[in-house]
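Following: one structure in structure tokens, then a few remarks.
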Amino acid sequence: MPELPEVECIVRSLRPWLEGRRIEAVEIRSPLAAAGDPEPLRRFLAGRRVEAVRRLGKFILFDLDEGVCAIHLRMTGRLLWQGGEGSYTRAVIRFSHGRLLLDDTRQFARIYAGSAMPEPLERLGPEPFELPAAEFCSRLRARRGRIKPLLLDQRFLAGLGNIYADESLHRARIHPLQPAATLSSRRAERLHNAILAVLEEAIAAGGSSISDYVDGEGRSGRFQLLHRVYGREGQPCPACGTAVRRIVAAQRGTWFCPRCQPCRPARALQPARRPLAGRLSTGR
DNA sequence: ATCTATTCCTGGCTGC
DNA sequence: TGCAGCCAGGAATAGA
């Protein structure tokens with residue numbers, strides 16, 4: 001599942017091949033690969049020059065001489081420079097000096113193109129690396145939900161997925177179901193630091209190759225070897241040796257260490273003790 | 001506002 | 001061995 005680090009690695013591997021080059025033609029092998037009608041997409045992209053290749057959240061973005069092309073790989077998508085065609089090749093973007101293949105077994109990946117920024121990219125929240133800790137903390141405090149689903153919400157923060165949400169929470173020693181607004185500023189800041197550290201280390205390791213991920217030149221990542229909790233149910237936590245637990249949060253498998261990551265709401269925000277009354281209005 | 005369930009899709013796994 | 005049934009999961013969407 002390409003998340004921010006994987007997409008960043010793909011972008012870096014493709015940049016030297018694509019920047020400044022002109023798209024000759026686009027073939028959509030599976031109509032599902034196109035967001036909207038394949039034919040207008042094909043026509044829009046043909047003849048356009050790729051000015052820049054960059055990442056926005058989990059989107060791969062081509063700035064064109066006119067408009068943009070954005071690709072989201074979702075779960076099993078791969079973008080391969082000079083890749084060999086197979087039965088999962090869903091689209092081919094041809095250049096004079098080679099071709100870029102979109103491979104995708106499950107067909108969730110989408111190619112967007114247009115004169116303006118496609119709608120899904122407009123909805124993205126801030127980039128982790130561009131969000132100051134103080135602002136991260138205040139955004140957390142404004143939310144009522146649990147921390148893990150919040151980290152997966154691309155409008156809250158762009159780029160984290162299931163792997164890096166779990167790994168960040170483990171490093172920050174925060175329980176995935178902890179209500180976001182109950183995190184003390186110290187712990188919120190710790191989470192911010194953990195997110196940046198995990199993402200940086202994952203990028204440096206070439207991303208996580210669990211099942212499908214490879215970069216634009218077909219290279220696997222190595223960060224999966226450094227996962228501390230993700231996908232490691234029953235295995236010892238690298239920090240304390242306790243068996244990693246798996247629960248489901250926001251319909252996602254969620255792994256954490258029950259000892260390192262206790263659910264610990266901040267005192268000030270705990271409901272007032274009310275022996276018999278249950279849930280009475282506080283009068284606000 | 002926030003939650004859950006559902007949908008998309010298909011390889012891989014489980015269990016009989 | 002074969003096959004049905006279920007699962008994973010990012011994001012959009014509908015409904016509570």
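In the text below, chain A, chain B and the rest are named by the order of the sequence lines, each starting its count at 1.
The phosphate of C:dG9 has OP1 or OP2 within less than 4.0 Å of a side-chain N or O from A:Tyr230. Residue A:Tyr88 places no side-chain N or O under 4.0 Å from the OP1 or OP2 atom of B:dC9. Side-chain N/O atoms of A:His72 include none lying less than 4.0 angstrom from OP1 or OP2 on C:dG10. When the side-chain nitrogen and oxygen atoms of A:Gln107 are compared with OP1 and OP2 of B:dT10, one or more of them lie within a distance under 4.0 Å. Within the structure, a side-chain polar atom (N or O) of A:Arg143 is placed less than 4.0 Å from OP1 or OP2 of B:dT2.
When heavy atoms are screened at a 4.0 angstrom cut-off, A:Asp104 is found touching no nucleic acid atom at all. Within 4.0 Å (heavy atoms only), A:Gln251 reaches at least one base atom of the nucleic acid. Among the protein residues, A:Met75 comes within range of the nucleic acid bases, having at least one heavy atom under 4.0 Å from a base atom. Counting any heavy atom pair closer than 4.0 Å across all strands shown, A:Tyr164 reaches no nucleic acid atom. In this structure, A:Arg110 reaches neither bases nor backbone, as no heavy-atom distance under 4.0 Å exists between it and the strands shown. Across all strands, A:Gly161 comes closer than 4.0 Å to no nucleic acid atom at all (heavy-atom distances). Using a 4.0 Å heavy-atom cutoff across all strands shown, A:Pro149 reaches no nucleic acid atom at all.
Considering only side-chain atoms of A:Arg246, the nucleotide from C:dA11, C:dG9, B:dT2 that sits closest is C:dG9.
For the pair A:Arg139 CZ and B:dA1 C1', the interatomic distance rounds to 15 Å; values are reported in whole Å. With rounding to whole Å, A:Arg141 atom CZ is found 19 Å from B:dA1 atom C1'. When the C1' atom of B:dT2 is taken as reference, atom NZ of A:Lys148 falls 17 Å away, rounded to whole Å. Separating the CD1 atom of A:Ile210 from the P atom of B:dG12 is a distance of 16 Å, rounded to the nearest angstrom. Separating the CD atom of A:Glu119 from the C1' atom of C:dT13 is a distance of 14 Å, rounded to the nearest angstrom. Regarding A:Ile71, its CD1 atom lies at a distance of 17 Å from the C1' atom of C:dG10, rounded to whole Å.
Not a single donor-acceptor contact under 3.5 angstrom links the side-chain atoms of A:Arg123 to the base of C:dA11. Between the side chain of A:Arg106 and the base of C:dA8, a donor-acceptor pair under 3.5 Å is found. With hydrogens and angles ignored, no donor-acceptor pair under 3.5 angstrom links the side chain of A:Arg74 to the base of C:dG9.
The shortest non-hydrogen separation linking A:Met117 to A:Glu122 is CB-OE2, 3.4 Å.
Electrostatic pairing of A:Arg12 and A:Asp215 does not count as a salt bridge here, judged by no charged N lying under 4.0 Å from a carboxylate O. Salt bridge annotation for A:Glu189-A:Arg186: absent, with no cationic side-chain nitrogen under 4.0 angstrom from a carboxylate oxygen.
At a cut-off of 3.5 Å, with distance as the only test, no side-chain donor of A:Trp255 or A:Glu167 sits close to an acceptor on the other residue.
Residue order along DNA chain B, read from the 5' end via each residue's closest nucleotide, puts A:Gly145 first among A:Arg90 and A:Gly145.
Residues A:His170 and A:Phe256 place their aromatic rings such that the two centres sit no closer than 6.0 Å.
A:Tyr112 does not carry A:Arg110 over the face of its six-membered ring by the limits of under 6.0 Å from the centre and within 45° of the normal.
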